[in-house]
*Asks:* 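Okay, handing you the structure first.
These numbers were taken from a predicted model, which means no experiment stands behind them. Here is how names work: the chains are called A, B, and so on, in the same order as the sequence lines, proteins then strands, and each is numbered from 1.
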Amino acid sequence: MTTIESRPETATKAPPGAKRRRRVHPVIVIALGAVLVVALTYVLPPFRNYQLATVGAYFCVTAGLTVLTGLNGQLSLGHGALMATGAYTLALAQNRWESLPLSFALAVLVTTGVGAVIGLAAARLRGPYLAGLTLAVAIVVPSVTSTFDETFNSDQGLSVFLEPPPEQYPMEQWQAWLCWAAALVVVLLLALLVRGRFGRDLRAVRDDETAAKLAGINIARTQVLAFVVSAACAGVAGALFAYLAQSVSPGAFPLTLSLFLLMAIVIGGLGSLFGALWGALLLVVLPALSQSVGEQTGSQRLEGNLALIVFGVVLVVVMLAAPGGLASIPSRISRLIRRNR
Amino acid sequence: MSTDSQLKELALHDISVRFGGLTALDNVSLRVAPGRIVGVIGPNGAGKTTLFNVICGFVQPTSGSLTLDGRPWRPRPHHLSRLGIARTLQGVGQFAGMTVLENVMVGARHRHAESEALAALERCGVDRYASAYPGALPYAIRKRIELARALVAKPRILMLDEPAGGLDADEIAWLGALIKATGTTVLLVEHHMDLVMSVCDEILVLDFGKPIALGSPEEISADPKVTEAYLGAAA
Ligand SMILES: Nc1ncnc2c1ncn2[C@@H]1O[C@H](COP(=O)(O)OP(=O)(O)O)[C@@H](O)[C@H]1O
Ligand SMILES: [Mg+2]
């Protein structure tokens, strides 16, 4: 091949050192995470283990949402409703067939199907129209439960029949294991999916649709796939919530849940799976904190709103201090250190 | 049949495009033989980018047809890369949230995307920016990255929309050498006359959407119609 002499211009502007950083393989990160979680479940008291389990359940949905919104640029206000879909499917399937693996599989399947339908419509919409569509989903899905109240038992919801865990393990520890097993599998699959070509396609579509088309990417297909993947994750999370609470009711999946999920992934760092972990942690910690504050001040009416206020404040503070979210802090620090050396 | 398709890899037959009352292209025909470098010139608003948009399927012609390898063809943007057609955008259409290397890897449709992307960056002399983000880089560098993303797909037809815009004389000379060395069919929209005259085998001149001349660089520079419509207006 003919080589052409290239003129090095502004060579000093180039970042020094290696051409690119090598990342640790996701399998290793996940394996370390699994060891850490299992160790934690042996030292934490039961209530903390229950909270840990809840973090795992939230992690599934925040990880899927950050791929959709952060990497592919599709905003969804409907993920709370998708979780409700997964939760109700688990409850109905479990009460009928009493097989947890089957109920989980059905919950994910049904939620994925619903996600595909929404995704097909979403791929035609942009910006505020997309937000509007997913908002409609968030409002319609819970109202389905009161329309078909023979199946869904309206506002009371359904209780979920569950076998007790093996007796040598405390209930909460067992729950934490199950939730985190699911979360780590979900996150591993997501990490493997987005590190290759699919991940690049997602981000290319987000950044410039025209250039992405010219690079051979089918925009609509990429967007629908992203929505489907993300919905499947929400389905897993919803099923885990039904399992944890041993019941489902429309009140557990309000519109504010979807708002909290979005705020959580932004605070954690949009598009980052580590950020999704931070977000999941905050989704458990911040409401618990505001609840205890609410109790101390003796104002019970404040509780719900207080969590929203606390989240809002944290969002603003984090965005001011680290616009890339909590997940971007380590690299910011290392950059600072390098610059000052 | 095969000789026929070799003679015209890509052809436009009486293409017209109207945007409401505006005629952006008026009965434009063009036959592009494999390996030829074909320039498209004309004053601003002459319809050059629209011509590219028709070939890429971004704009549906109001009338007329296209053929690829002698067969009727209705282009779709995301099929181009599979058909071996790559295009750079007039502005620099880059993925701001991805590193330079990833930007180029998006264009690579093969298994060894990373090594091929690095090779393309090297060929364009910008491999040292692989881990940088394009938004922070100077315009001329970004133009080269854009070129690398088109080249990485190893296209048989390369479409360049004003690749020399914003470049200095040395960079334009480098670009000219690169274009000649690609060995592929090239469609080149460009304002920089020296570049067009030195690299093109054939030039199509558009004026208000009308094809006013088609021929070799010598023929074009001697054509009084061209001097009047284009060179005259520019002088
Ligand atoms: N999508 C469009 N809708 C309406 N008018 C357009 C569109 N694209 C181009 N035009 C018009 O068509 C004419 C030709 O534009 P263009 O092909 O961009 O010219 P050039 O690239 O030669 O400068 C211009 O008058 C432009 O305003
Ligand atoms: Mg143009």
*Asks:* Which heavy atom of Phe58(B) sits nearest to which heavy atom of Leu214(A), and what is that distance?
*Replies:*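 Smallest interatomic distance, heavy atoms only, reads CE1-CD2, 3.8 Å.
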*Asks:* Between Asn218(A) and chain B, which part of the residue has a heavy atom less than 4.5 Å away: side chain, backbone, both or neither?
*Replies:*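 Backbone plus side chain of Asn218(A), per the 4.5 Å heavy-atom cut-off to chain B.
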*Asks:* When heavy-atom pairs shorter than 4.5 Å are enumerated against chain A, which of Arg76(B), Met105(B), Arg82(B), His79(B) gives the highest number?
*Replies:*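 Winner by heavy-atom pair count: Met105(B).
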*Asks:* Should we count CZ of Phe274(A) as having more than 12 external heavy atoms under 6.0 Å?
*Replies:*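 No, CZ of Phe274(A) has 12 or fewer neighbouring heavy atoms, counting only those of other groups under 6.0 Å.
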*Asks:* Do you know the tightest heavy-atom contact between Arg200(A) and Ala113(B)?
*Replies:*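 Smallest interatomic distance, heavy atoms only, reads NH2-CB, 3.8 Å.
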*Asks:* Tell me, do Arg203(A) and Glu102(B) make a side-chain contact under 4.5 Å, heavy atoms counted?
*Replies:* yes
*Asks:* Let's test your reading of the structure: which of Ile217(A), Asp201(A), Leu71(A) forms the most heavy-atom pairs below 4.5 Å with chain B?
*Replies:* Ile217(A)
*Asks:* Which atoms form the tightest heavy-atom contact between Ala204(A) and Val106(B), and what is the distance?
*Replies:* CB-CG1, 3.9 Å
*Asks:* Among Gly97(B), Ala153(B), Gly107(B), single out the residue with the greatest number of heavy-atom pairs under 4.5 Å to chain A.
*Replies:*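 The residue among Gly97(B), Ala153(B), Gly107(B) with the greatest pair count is Gly97(B).
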